[in-house]
Amino acid sequence: MGDSGGRVLVGNAVRRRPGVDVPAVAAAAVEQVVRGRWGWLAKRRQPLVDIAAVLVGAADVWLGYSWNRDAELYSLVLSGVAAAALVFRGRFPFLTLLLTVPGFFVGWSELAAMIALATLARRRALGWQTLVGAALVWAARFFWWPPDKFLAAEWQQHVHNAIYGCLVAGLPLAIALLAHAREELSSRIAELAVSRERERLLHAHAIRADERARLAREMHDVVSHQVSLIAMQAGALRVAAVDQNAKQVAGTIRMLSTRTLDELRQLVSVLRTTNGDDSPQPGVEELPQLVAGCGMPVNLTVIGSAEVPASISGAAYRTVQEALTNVRKHANGSLVTVRVDLGDDEVRVEVRNSPPPVPQASPALPSGGHGLMGLRERADLLSGTFEAGATDDGGFAVRMTLPTLR
């Protein structure tokens with residue numbers, strides 16, 4: 001998201017206070033214990049499953065041969081080959097099935113053929129290889145060996161074998177297709193969760209855009225109108241005033257009002273866009289103009305000439321601007337020192353004022369207490385630090401440090 005007007009916390013993105021999230025810590029500890037106990041099984045899962053399949057197939061062959069020891073030797077050999085072929089079912093599922101069918105047809109490798117068919121269906125779903133494999137397994141269960149015994153059987157036995165052939169071929173096929181469908185469903189659910197999260201982010205973005213547009217309208221309709229009236233009245237006073245000091249004060253008021261209108265238009269344009277960096281913002285290079293028009297003596301010192309990002313430069317400008325505004329409100333007439341250090345790794349801004357010479361006789365200007373809070377939030381967004389507080393001599397100091405390499 002390209003927004004720079006604040007952070008959007010969606011879902012569970014809000015961090016909890018340290019020491020409060022006890023269930024999460026306990027769950028993480030349990031998960032670590034489970035991984036320690038069963039992690040080695042998860043790493044060796046596939047080889048263990050292959051060994052288990054071979055053992056099941058071999059046990060089936062051994063049990064079948066144990067009550068039919070007078071069978072031909074090739075039946076035992078083909079059945080053993082079918083059981084051993086299950087080792088390759090992961091890499092060559094169709095070839096493994098082809099190797100198990102002869103042992104099933106003339107021997108006792110029925111479970112080996114079923115396991116091979118399930119593996120093939122799990123990998124290929126209802127492809128042609130799966131259909132051919134299912135037909136071969138069914139045929140191996142339906143036909144008998146030797147052929148003369150099959151031809152001498154009654155038709156009821158053929159129907160019985162055909163039904164059991166459908167069960168032998170259909171059961172592994174159904175289980176494998178069910179597992180395949182479950183995997184696809186899990187994948188779709190994961191995609192749906194990602195899509196819903198993206199939709200929530202877009203919805204939050206739309207809400208923020210509407211709120212920014214509403215704030216832009218209110219600022220333009222209310223604040224811009226009032227500041228325009230101040231500029232007009234100051235211009236009229238400058239023309240009508242006879243005293244030179246009054247003319248100078250009126251000119252200063254008009255200049256400050258005009259500059260406020262310009263910055264207000266820039267802020268409104270920022271609020272109306274989706275990216276706050278689209279509109280140019282004042283930076284460190286405009287600090288001399290800011291100090292010259294603040295209406296009080298200020299000692300400005302800028303050290304270094306390193307190029308800093310626009311966001312860092314704008315934050316430094318806003319820090320000095322807010323500090324000078326607070327001085328005019330609460331310590332008018334005090335000595336103000338502004339020091340800006342443009343280093344290669346960080347930018348340091350310090351605004352310090354001495355105690356006011358005399359208590360203010362005029363009523364205090366309205367203050368909402370949000371200026372320093374906004375500077376602290378701006379420093380947090382830029383991974384910097386912010387300090388503000390009274391000095392030992394009774395004055396006040398504002399300090400901000402912003403890293404330029406992040």
request  = Before giving the answer on side chain to side chain contact (heavy atoms under 4.5 Å, CB included), spell out for L237 and I253 the whole-Å C-alpha distance, their side-chain angles and the decisive distance to 0.1 Å.
outcome  = CA-CA 10 Å; L237 178 62; I253 294 175; 5.7 Å; no
ask   = For the residue pair S354 and S334, what are the closest heavy atoms and their distance?
value =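 Nearest heavy atoms, S354 then S334: O-CB, 2.9 Å.
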query = Where do E346 and R348 come nearest, in terms of heavy atoms and distance?
reply =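 Scanning both residues completely, I find the closest heavy atoms to be OE2-NH1, 2.5 Å.
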Would you give the length of the straight line joining atom [atom1] of [X] to atom [atom2] of [Y], rounded to the nearest 0.5 angstrom?
X	Y	atom1	atom2	answer
Q129	L98	CD	CG	8.5 Å
S79	F105	OG	CZ	12.5 Å
N353	R328	CG	CZ	12.5 Å
D341	I303	CG	CD1	5.0 Å
T100	L86	OG1	CG	7.0 Å
D380	R378	CG	CZ	12.0 Å

ask   = Is it the case that more than 12 heavy atoms not belonging to Q289 sit under 6.0 Å from its CD atom?
value =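 More than 12 heavy atoms, drawn from other residues, nucleotides or ligands, come within 6.0 Å of this atom.
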E199 atom CD: more than 12 heavy-atom contacts under 6.0 Å =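 No, CD of E199 has 12 or fewer neighbouring heavy atoms, counting only those of other groups under 6.0 Å.
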Can you give each donor-acceptor pair under 3.5 Å made by side-chain atoms of residues 184-191, sequence neighbours left out, with the distance rounded to 0.1 Å?
residue	atom	partner	partner atom	Å
E184	OE2	H180	NE2	3.2
S186	OG	R182	O	3.0

Scan the side chains in residues 112-122 for donor-acceptor partners under 3.5 Å anywhere in the protein, sequence neighbours excluded, and list what turns up.
residue	atom	partner	partner atom	Å
T119	OG1	R89	NH1	2.8
T119	OG1	I115	O	3.0
R122	NH1	E183	OE1	2.8
R122	NH2	E183	OE1	2.9

Compare all side-chain heavy atoms of [X] with those of [Y] and state whether any distance is below 4.5 angstrom.
X	Y	value
V284	V347	no
M373	R376	no
L76	V61	yes

inquiry  = Assess whether a salt bridge exists between E350 and R352, defined as any Lys/Arg side-chain N lying under 4.0 Å from an Asp/Glu carboxylate O.
reply    =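 So E350 pairs with R352 through a salt bridge.
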message = Working note: V398 + F386, criterion side chain to side chain contact (heavy atoms under 4.5 Å, CB included); need CA distance, chi angles, decisive distance, verdict.
response = CA-CA 8 Å; V398 174; F386 177 79; 3.5 Å; yes
Sole residue of L290, L300, T319, V302 in side chain to side chain contact (heavy atoms under 4.5 Å, CB included) with V338 =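 Output: one option passes, namely L300.
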Return yes if some donor-acceptor pair links the side-chain N/O of [X] with the main-chain N/O of [Y] below 3.5 Å, else return no.
X	Y	value
T301	R339	no
S109	F104	yes
T96	F88	yes
T404	D344	yes
D60	V56	no

task = Look at the rings of Y164 and H160 and say which category their plane angle falls in: under 30° parallel, 30 to 60° tilted, over 60° perpendicular.
result =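 Taking H160 first and then Y164, their aromatic rings sit tilted (interplane angle of 30° to 60°).
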query = Can you list the residues that meet the salt bridge (Lys or Arg N to Asp or Glu O under 4.0 Å) rule with R141, with sequence neighbours excluded?
reply =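 Expected list: none.
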task = List the steps and the verdict of side chain to side chain contact (heavy atoms under 4.5 Å, CB included) for V168 and W138.
result = CA-CA 7 Å; V168 170; W138 178 88; over 6 Å; no
query = Under the side chain to side chain contact (heavy atoms under 4.5 Å, CB included) criterion, do L335 and N299 qualify, and how do the steps go?
reply = CA-CA 8 Å; L335 300 178; N299 183 15; over 6 Å; no
